[in-house]
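Residue numbers begin at 1 in each chain, while the letters A, B, ... track the order of the sequences.
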Amino acid sequence: MGFIFRNWIIILFIYLFTISCNKSSDVTLKLKTPEKKLVIHGFISQEKVHIEIRSTVNPVKTSSNDELNGVTVFLYANDSLLFQLVQKSIYIFESPKTFKPINGVKYKIKATATNYSNVESEEQMLPLYIAFNKPSIKIIDSNLTYKSYKFLLSYSFLDDKKDEAFYVVMKYNYWNGLKIEDTSSISRFNINPYICFNDIPFNGLMYKASEEFSIDSMYQYNFIDSIQLKLFSVSKAYYLFSKSLLDYEISQSSAMYEQPIPVYSNIKNGYGIFFSCWIDSTYINPFKK
Amino acid sequence: MKVIFAFVSIIFLVSNAYSQKSSISGFISSDSSSEKIIGSYIVDLQSKAWTMTDEHGFFKLTLTNGIKRLLVTHACFQKDTIKIELLKDTVVTIKLKPFQIDEIVVSSEIPIYKQTMMGKTILLPSVMSKMPSFMGETDVMKSLTVIPGVSGDRKGVSNIYVRGGNRHNNLILIDDAPIYSSNHMFGFVSIFNNDIIKNVDFYKSSFPARYGGRTSSVIDIRTKEGDKKDKKGQFELNPINAKFVIEGPLGNEKTSYIFAARLCNSAILSLLTRMNQDPMTHTTIDATYLDCNAKLTHYYSNENKTYLNFYSGTDFYHYNDIANSGSSNNIEEENKSKINYIQNNRIVTLGHQVRLNSAFSTNFGITFSQYGSKVTAIDKSITEQDTILAKTITQGSIKDISIFINSEYVKVSQHQFRYGFRYNRFKVIPILMNIHNTQNQQVSDTIFGRNDTRNPLEYSIYGEDEIALRTNISANIGMRFCLLKTNAKSFLLPEPRLSFRWLVGEKTAIKAGYSIMNQQLHLLTNNTMGIGSEIWITSDTSFVPEHSWIGSIGISGEQGKLQYGIETYYKKMKNLLYYSYTELEPSSLSDFSKQINKNGNGRSYGIETTLTLNTKNVVTNIGYTLSWSEHRFATIDNNQYFYSNQDRRHNLCITNSIFLKKRQTIGMVFTLSSGSPFTMPVAYVKNNEFSDGYYVYGGINNYRMPIYHRLDINYRKEWEGKKKHRQKYLTINIYNVYARANADYMYFNGKQVKKVTLIKFLPTIGYGIHF
């Protein structure tokens, strides 16, 4: 009897031991009432004010719809009300076409919505106008059978020494006037807005960059007839936002990290980002000799 | 007349001689091994004056002349009463016989109400070996978690948090050499081998002035010197490691040695990971460690010795992951990832201790301490187009050479002076990264961070006086000055220390204490797993030394078989750092300060209660702590206080030891504590023109994990082996007896809150032999 009992004890111990290392399991945690706040993402450039307004949703029901009614957005200059933004679509608000922002003026926006606290952004001034020098492009490799080409694109711009500056460079491919989504993951010029860099390494100097990228025959497009380069000279708020967004995504990628990194926000009583930028764009025909 | 005059003179002289005071001093050692005994209690049965032996086994007691009966006790030795006629200063050597203890206490044999120092606990290895242990391996750090005010990290891991401090705020000394990492194997085992430990002094407040450099606690570990009479050893095998100890005299009874080694059995960990792996991938985790302790002691005389202590420990972790993603054009495409992690600790102490007379002794020496870690990550991707190899080596290290002198002067009975000096020279490499890339047959090698080595110097001087103000009032007053010199800046840091004890009744005492502490070394860690990059940085113009002050007051006493204590404390901290981990860009390695929030403040406060009941065969200890720990940073949460990771609102620990016949003991530890805080999102921002969507958090540590409770049981039986001088023992440990799935950590995966339990139930058996 003792022998059988000891055997069962040993079997039970071994069983419990082998199942003792669990993978993660679900927990029913009583969540606090989700916050409901307005979320603003937008900018003021040398041409317009562009704002997207959403609301926060329940963190466990991320596909649920925003519940926004009665949204109004106002633009202020040096603490004085300028005008109410025009609603272009359900979430998008822009300034009238006649509006042109002025250098040296501090702009901010305020927004209201039914059943939400009013939100107010941090003040932003237009950054300095920085423009591309004429970019160059040349074909360094090609395969006519597959209509694939490898290009070397070089561009530069002169940084202003006086102020701390931040930049984003984007590249868009066009064919017959239509923008093509760039699916290249290797290219530095992707549409990912996270690549924002400061001017510390080249303060007051010429910034030069060269990049190789490939164009392959895809879908119904035989080739790209033009490339648009955009230089965004942005305010520090966007730099902090884009950096924190990148850090946030890294912190989300592993459960080993102890604390998530919050995304930067300069919206009072709400979330999101309002920043200023000066956009310079130029077009290049990659096949033009 | 002459006869009467002579008779009266004789009586006068004798009575005069007996009214004078003289001192009894000497060493107390083990009768079997001649090893000096630390913390032995000596009391005069008539006057109740008492003292205890210091870290060198020396005591001194000043009494009025006459016939004296001294009771000498220690938790691991048989009591002894010696009778002596005291007419002048007398030096004695007392030898106590060891015995199989039938009484077990977590605190010292000396009643806690009699100790001047508040917040001091003495741990004995024989006590710790009879407590339930993780996988059968007795651990100093885990044994400390039963003390009120001390909480452990995720249970099973050896990190401890003392009164709201972080794990790097604990000064851990082993024979005067500081330790910078006390973990083996992800933190499940500490680096301390219980078999070579003689004594552990633990301070959580009222720090004596001789200690400095950390802000939360002091763990002072003294190791054995080895048996000076007989050669003997011990071998033990348990699921986590195999260990071996040998000690004995070297040539004659003046020189002794002790050597101990442990080798981890990593087979169990490998087995468990293989059982849980995804069949689409081939993931293996291998982990092992080995360490060794060695000590050589030479006695020139009973009062004069030289010792050399050495420790070396290394951890190896290996993670291998192979994922096949199919084949293309007859080329098998796969991704291989490998991570190798190596961590090492080295400690050397060369010291000399001499007692010139019964009043003056000094201990001086040199220590070397080194901690380093190296992570090698290899990613190999084989595709149709190319084979891409990326190899990144990340390492950091800290080296510390110090020269110390500690002296003690006891001339009059009311004062015991201690004073000393310490010089530290550090070499700190916070982080060094070597990136090797091979792609398109192009190779690149880049090293970042190599110019960031720091070499600060630290000078410290201290003086303290243990004063017997009256027979029932004593105080310990000390002052420590520390001068820290870095490349850019110098810091002069004064640290006053004060302890006070008032014996209000025969067995009741009120105690109070106040201490200021500073810490110039900061630890930045990216997670609590105990692996990965741990970055040590030194103070400079950007990061000033951490500073804390703590005040505490309490009452303790004894009622029959019951000992009790109630203590309340308040602690303030400043110049804290908070490491917001992100992927370190190599180009910013020399200035990763952007990831660090600095100049933080902290506060912790609470009340701790202890009850100890000693009966003939059962010892029960109940400790309860109600506490808060909060931090605040200007760049986090709008400068609002948030609960720190160490915050545990309630912490209850019940230990129970039962002594049975035939040298059997059963130990139980029940732990109940509030869940650790963690961060959960309060809302979600949907995808928009600038992002794919992200969670927003209403602050740090805004939620609590579920309540944690666990029962561990230990059974130990000792018996004589068939061969002479051979004793055997068997230990059975059960970790988490009722298999509660406690949350070791939790995270939110976007849909559900997930709880991870590392180990739910773990029975282990260990077998050992003393020879």
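The two residues B:Pro681 and A:Pro59 make their nearest non-hydrogen contact at O-CG, 3.9 Å.
Within the model, atoms CG of A:Leu245 and CG of B:Asp692 stand 8.0 Å from one another, a figure rounded to the nearest 0.5 Å. Atom OH of B:Tyr695 sits about 13.0 Å away from atom OG1 of A:Thr56, to the nearest 0.5 Å. To the nearest 0.5 angstrom, A:His41 atom NE2 is 10.5 Å from B:Asn687 atom CG.
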task: Test side chain to side chain contact (heavy atoms under 4.5 Å, CB included) on A:Ile92 and B:Glu689 and set out the steps.
output: CA-CA 10 Å; A:Ile92 303 295; B:Glu689 294 177 337; 3.6 Å; yes

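For a residue to count as touching a neighbouring chain, one of its non-hydrogen atoms must lie under 4.5 Å from one of that chain's; by this rule A:Val57 touches chain B with backbone and side chain alike. Within the 4.5 angstrom heavy-atom criterion, only side-chain atoms of A:Val263, from C-beta onward, approach chain B. In this structure, the portion of A:Phe241 lying under 4.5 Å from any heavy atom of chain B is its side chain and not its backbone. In this structure, the portion of A:Ser63 lying under 4.5 Å from any heavy atom of chain B is its backbone and not its side chain.
When A:Ile273, A:Asn58, A:Thr62 are compared by the number of non-hydrogen pairs under 4.5 Å with chain B, A:Thr62 comes out ahead.
Residue-environment remark: CD1 (B:Ile707) stays at or below the threshold of 12 foreign heavy atoms within 6.0 Å. Residue-environment remark: CD1 (A:Ile140) exceeds the threshold of 12 foreign heavy atoms within 6.0 Å.
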